[in-house]
Participant: 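Sharing a structure below in structure tokens format, with a few things to ask.
The structure displayed is predicted, hence computed values, not measured ones. Below, all heavy atoms of this structure are taken into account, side chains as well, without hydrogens, waters or symmetry copies.
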Amino acid sequence: MAETTVFSACPHDCPDTCAMLTTVRDGKAVAVRGNPDHPFTRGGLCVKVNDYENRVYSDNRVLTPLRRTGAKGAGEFQPITWDEALQEISSRWTEIIDRDGPAAIMPYSYLGTEGILNGLNAGDAFFNKLGATVAERTFCDSAAITAFFMTCGPTAAVDPESFVHSKYIILWAINTISNNLHHWPFIAEAQRRGAKVVVIDPVATRTAKQADWHLPIKPGTDAALALGMINVIIAEDLVDHDYVEKYTVGYEDLKDRASGFTPEKVAAITGISANDIRTLAREFATTQPSVIRMGVAIERNASGGNAVRAMSCLPGLVGSWRHCGGGILHMPIWAFPMKWDDLSRPDWIPEGTPVINQWRVGPALQGELDQKINSLFVYNSNPAVVAPEQDKILRGLARDDLFTVVSEHFITDTARYADIVLPATTQLEQFDLMFSWGHLYLTLNQPAIEPLGEAVPNTELFRRLAGAMGFDDPFWHRTDEEMAQDALDWSSPVLEGIDLDSLRQTGYARLKVGSPDDFVPHREGNFPTPSGKAEFKSSMAEVGNMVLPLFRQGYVAYQSGEALDPLPNFIPQNESPDTNPSLAARYPLNMISPKSHAFLNSSFGNLRTQLHHAGEQLVMINPADAGERGISDGGGVRVFNDRGDFHAVARVTEDARPGVVVAPMGYWAKGSRNGYTVNAINPPAFADYGSAPTFSDTLVEVAGT
Ligand SMILES: Nc1nc2c(c(=O)[nH]1)N[C@H]1C(S)=C(S)[C@@H](COP(=O)(O)OP(=O)(O)OC[C@H]3O[C@@H](n4cnc5c(=O)[nH]c(N)nc54)[C@H](O)[C@@H]3O)O[C@H]1N2
Ligand SMILES: Nc1nc2c(c(=O)[nH]1)N[C@H]1C(S)=C(S)[C@@H](COP(=O)(O)OP(=O)(O)OC[C@H]3O[C@@H](n4cnc5c(=O)[nH]c(N)nc54)[C@H](O)[C@@H]3O)O[C@H]1N2
Ligand code: SF4
Ligand SMILES: [Mo]
């Protein structure tokens, strides 16, 4: 029996970007496992991807193009050929372009795969050439990135592997063991060597349970906590004055701003006692190297960007940046020498093309925005589940006059509404290269098997669409490997000695950025900010709110022009007893919707192993809140507010702090008893920076069913 092992890479939108080994027997992938040689993967995958071959060979895979035969949403289709599908798409689009202009077509995409070729930017060049509406993708980290850039600039900042050297680790709004699993061994190693691990999270997550100290903060109040820490550090003179003087700007202004955030005042806002705030600040300042690892949920509130601004000031204030394993870790992705503009071709965007933020797809499909959308093209995403205003999205997708095309592995809740479904390959059937937003390795993914049925990678999908629309630029005639040559700056010093040939030998390569035992990029400042220093007072605030090019089809970074506060501040949640007492009287509970342990966003929400693990849509509620409402563990409940409702099973547990209910996201419609999930009731409002969502600012009521 012919058996080979192929270098693969987990495609998912997860900071771990695991290097996989795929075992292929007689042309069939029979198993995947983590590459044991890879220093971050260390031979293990996770509950989502351990049986990836079952995703690949699932009976429910879409393997040919399909045309809708039943009503929209019924999920009834018949197979057609690629020629028929392309013919129909090009004739419908030509009709729409002639009648309404190309901006009536809107792409919708995110990170179904994170591959450099098939992922985030895979369709940008095509839609830019077409003149379609520019779809702004601020799904994840857009507020945090903006805030981090304003303070520290685009820097990898801390090697996650360097955490073994840390002595004080704050895991802030991150559920490492569920969402960034492969970072955990480095943290656990530090803990064994004597480090203290602190988790700041409203929920006693799997991660919080392994920590030395869990601070169950009220959602949306982290900016106040960080400012309170700054207040204590300055008041008790725990400042590294030498570092502050040489390598930071705006100390006096920050001192002024933080003076209002006394521990007592912050305790009232955050629900964390003044004593605990003092202890946290003192320990963080004096136990070096101290480090913060922030999660994505930190940004999902009215003060999210400001929280990251304040947190990013902390290491400069106490000099953590001097040490290996000290500082604040956001996303090491900035170390990868990406050529975003070559991938996206922003130069092809016709002047005056409208921009619609993807979070607003519901209103866009309802015709509530200036630009009318008459065709939606979805790939790498599942808006029916992942975006707020679910009801508007579903009603929009049901519109008879909307021409919807979805490229997918499965008939998702979105694809059910498509006029045409196109079959996409999985990672085992395609070539790609992976950057990472959680470590410093470039990973190769070689095709392990032939594409199943008529599935094609996104690269080929857009080549075919370009052909159908008559685009004949040489850009569309490149092979995947030629595209990989163009997508990165291979002459960058961080890729010295690394090329596709060397990657074929090893499967992955660490960027040439020094070793994790001596990765201290900001020992002497050197921040990639306008001043070259850590900017407590941000000079970039003047240009106003930003959305970065990679989120915008390579469009020039959008700047609102309206200047931001140059100093971090705390802004109360949009929906809270303080800001909206009458709403809070009717809907007294604060819902958050974090990631599910067994799903990857909505991916795997249809697969047996992962569904078995996740069960049906659940909501965690504290015994005190459950008792008041007569809700018992395992009982059915309705979670609702003025925007809508969804049904769930109650899990009555002290793990949720009083006043907070926790409904993991990612369930498909059939995972909930009434066909709606958390995003039916999440708000459409944006956070303070970067058009990030405000899912943690959601007031709800829960009632037994
Ligand atoms: N298993 C699994 N792993 C994943 C994913 C998945 O869907 N499933 N998705 C991937 C993606 S796309 C992303 S962006 C990352 C996200 O990774 P994380 O940032 O870890 O994401 P979340 O689970 O949304 O939130 C983390 C924690 O923040 C807490 N939280 C919510 N609101 C607040 C708040 O206001 N303040 C504080 N301090 N804590 C708060 C939640 O209770 C939760 O435990 O995970 C990636 N990894
Ligand atoms: N309430 C709430 N909502 C959230 C979040 C939250 O925490 N709470 N998190 C937000 C975050 S952080 C994120 S990142 C987004 C994630 O939102 P999405 O990126 O939309 O994530 P998925 O739901 O996993 O959908 C990806 C889809 O792409 C498909 N796919 C995979 N590979 C390919 C491929 O190669 N080609 C094509 N054509 N399709 C492919 C998969 O089958 C899947 O259906 O959700 C956001 N929504
Ligand atoms: S989802 Fe994350 S942890 Fe799981 S295999 Fe993929 S990269 Fe690794
Ligand atoms: Mo995300």
Side-chain angles (χ1 to χ4, degrees), residues 1 3-38 40-63 111-115 118 175 177-182 184-185 206 380 382 385 408-412 423-430 432 434 438 443-453 455 457 507-508 595-616 664-668 670-671:
M1 224 184 283
E3 187 169 291
T4 50
T5 302
V6 180
F7 287 126
S8 307
C10 174
H12 288 293
D13 181 12
C14 166
D16 296 19
T17 320
C18 289
M20 305 200 299
L21 298 176
T22 303
T23 309
V24 180
R25 202 174 295 148
D26 295 331
K28 191 164 185 225
V30 292
V32 294
R33 65 197 152 100
N35 186 338
D37 299 333
H38 189 283
F40 207 73
T41 305
R42 294 179 167 195
L45 298 175
C46 69
V47 62
K48 300 159 298 242
V49 178
N50 276 331
D51 67 337
Y52 192 74
E53 66 280 8
N54 290 333
R55 181 176 179 90
V56 176
Y57 294 111
S58 163
D59 290 342
N60 297 324
R61 271 284 297 276
V62 174
L63 293 177
L111 282 170
T113 166
E114 205 180 276
N118 291 293
N175 184 3
I177 292 176
S178 287
N179 304 345
N180 186 189
L181 175 64
H182 294 80
W184 183 254
R206 286 164 202 263
N380 279 346
N382 187 8
V385 177
E408 255 299 347
H409 296 157
F410 297 106
I411 302 297
T412 59
T425 44
T426 65
Q427 188 78 330
L428 299 194
E429 302 152 74
Q430 65 198 19
D432 218 327
M434 318 293 296
T443 314
L444 175 71
N445 180 76
Q446 294 203 285
I449 55 171
E450 290 296 317
L452 299 193
Y508 66 89
K595 306 301 186 190
S596 163
H597 185 75
F599 302 152
L600 199 296
N601 300 318
S602 78
S603 300
F604 300 102
N606 59 328
L607 294 181
R608 197 155 43 100
T609 312
Q610 290 76 13
L611 260 177
H612 176 73
H613 196 287
E616 78 181 280
M665 61 89 62
Y667 289 91
W668 292 26
K670 51 180 177 278

Participant: side-chain hydrogen bond (donor to acceptor under 3.5 Å, both in side chains) between Asp51 and Thr609: does it pass, once the steps are laid out?
Facilitator: CA-CA 8 Å; Asp51 67 337; Thr609 312; 2.7 Å; yes
Participant: If you define the side chain from C-beta out and look only at heavy atoms, does anything of Leu607 sit under 4.5 Å from Arg55?
Facilitator: yes
Participant: Determine whether Glu53 and Val32 make a side-chain contact, defined as any pair of heavy atoms from C-beta on separated by less than 4.5 Å.
Facilitator: yes
Participant: Can Lys28 and Ile449 be said to form a side-chain contact (heavy atoms from CB on, under 4.5 Å), step by step?
Facilitator: CA-CA 6 Å; Lys28 191 164 185 225; Ile449 55 171; 5.7 Å; no
Participant: Taking all heavy atoms of Leu45 and all of Cys18, pick out the closest pair and write down the distance.
Facilitator: CD2-CB, 3.8 Å
Participant: Locate the shortest heavy-atom distance separating Trp668 from Ile411; write the atom from each residue and the value.
Facilitator: CZ3-O, 3.5 Å
Participant: Counting N and O atoms only, with roles assigned by atom type, does the side chain of Asn445 sit under 3.5 Å from a partner on the main chain of Ala9, one being a donor and the other an acceptor?
Facilitator: yes
Participant: Is the shortest side-chain heavy-atom distance between Asp13 and Leu600 below 4.5 Å?
Facilitator: yes
Participant: I'd like to know if the side chain of Arg61 and the backbone of Ala424 have a donor-acceptor N/O pair within less than 3.5 Å.
Facilitator: yes
Participant: Please evaluate residues Thr17 and Phe40 with respect to the criterion side-chain contact (heavy atoms from CB on, under 4.5 Å), reporting the C-alpha separation (whole Å), side-chain torsions for both, the decisive distance (0.1 Å), and the verdict.
Facilitator: CA-CA 9 Å; Thr17 320; Phe40 207 73; over 6 Å; no
Participant: With side chains defined as the heavy atoms from C-beta onward, is the minimum distance between Met434 and Gln427 less than 4.5 Å?
Facilitator: yes
Participant: Going by side chain to side chain contact (heavy atoms under 4.5 Å, CB included), Tyr52 matches just one of Val56, Asn50, Asn54. Which one?
Facilitator: Val56
Participant: With a 4.5 Å heavy-atom cut-off, do Phe7 and Thr443 have their side chains touching?
Facilitator: no
Participant: With rounding to the nearest 0.5 angstrom, report the CD to CG distance, Glu408 to Asn380.
Facilitator: 8.5 Å
Participant: To the closest 0.5 Å, what do you measure between CE (Met20) and CG (Asn35)?
Facilitator: 11.0 Å
Participant: Taking the six-membered ring for Trp, are the ring centroids of His613 and Phe604 within less than 6.0 Å of each other?
Facilitator: no
Participant: If every non-hydrogen atom of Pro36 is compared with every non-hydrogen atom of Arg33, which pair is closest and at what distance?
Facilitator: CD-NH1, 4.5 Å
Participant: Work out which heavy atom in Val24 is nearest to a heavy atom in Ala448; give both atom names and the distance.
Facilitator: CG2-O, 3.6 Å
Participant: With ring pair (Phe, Tyr, Trp, His ring centres under 6.0 Å) as the test, would you mind laying out the steps for Phe599 and Tyr667 before giving the verdict?
Facilitator: CA-CA 8 Å; Phe599 302 152; Tyr667 289 91; 5.1 Å; yes
Participant: Apply side-chain contact (heavy atoms from CB on, under 4.5 Å) to residues Asp16 and Asn180 and explain how you reach the verdict.
Facilitator: CA-CA 6 Å; Asp16 296 19; Asn180 186 189; 2.7 Å; yes
Participant: Out of curiosity, His597 NE2 to Ile177 CD1, how far, rounded to the nearest 0.5 Å?
Facilitator: 9.0 Å
Participant: Working to the nearest 0.5 angstrom, can you tell me the gap between Cys14 SG and Glu114 CD?
Facilitator: 8.0 Å
Participant: On a heavy-atom basis, which atom in Gly27 and which in Tyr57 lie closest, and how many Å separate them?
Facilitator: O-OH, 4.3 Å
Participant: If you round to the nearest 0.5 Å, how far is CG of Asn179 from SG of Cys46?
Facilitator: 10.0 Å
Participant: Passes side-chain hydrogen bond (donor to acceptor under 3.5 Å, both in side chains), Thr22 versus Ser8? Steps please.
Facilitator: CA-CA 6 Å; Thr22 303; Ser8 307; 2.6 Å; yes
Participant: So how far is it from Glu450 CD to Glu429 CD, rounded to the nearest 0.5 Å?
Facilitator: 9.5 Å
Participant: If you look at every heavy atom in His12 and Gly112, which pair is closest and at what distance?
Facilitator: ND1-O, 3.8 Å
Participant: Report the C-alpha separation of Cys10 and Lys48 in whole Å, then their side-chain angles, then the decisive distance to 0.1 Å, and conclude whether the side-chain contact (heavy atoms from CB on, under 4.5 Å) test is met.
Facilitator: CA-CA 10 Å; Cys10 174; Lys48 300 159 298 242; over 6 Å; no
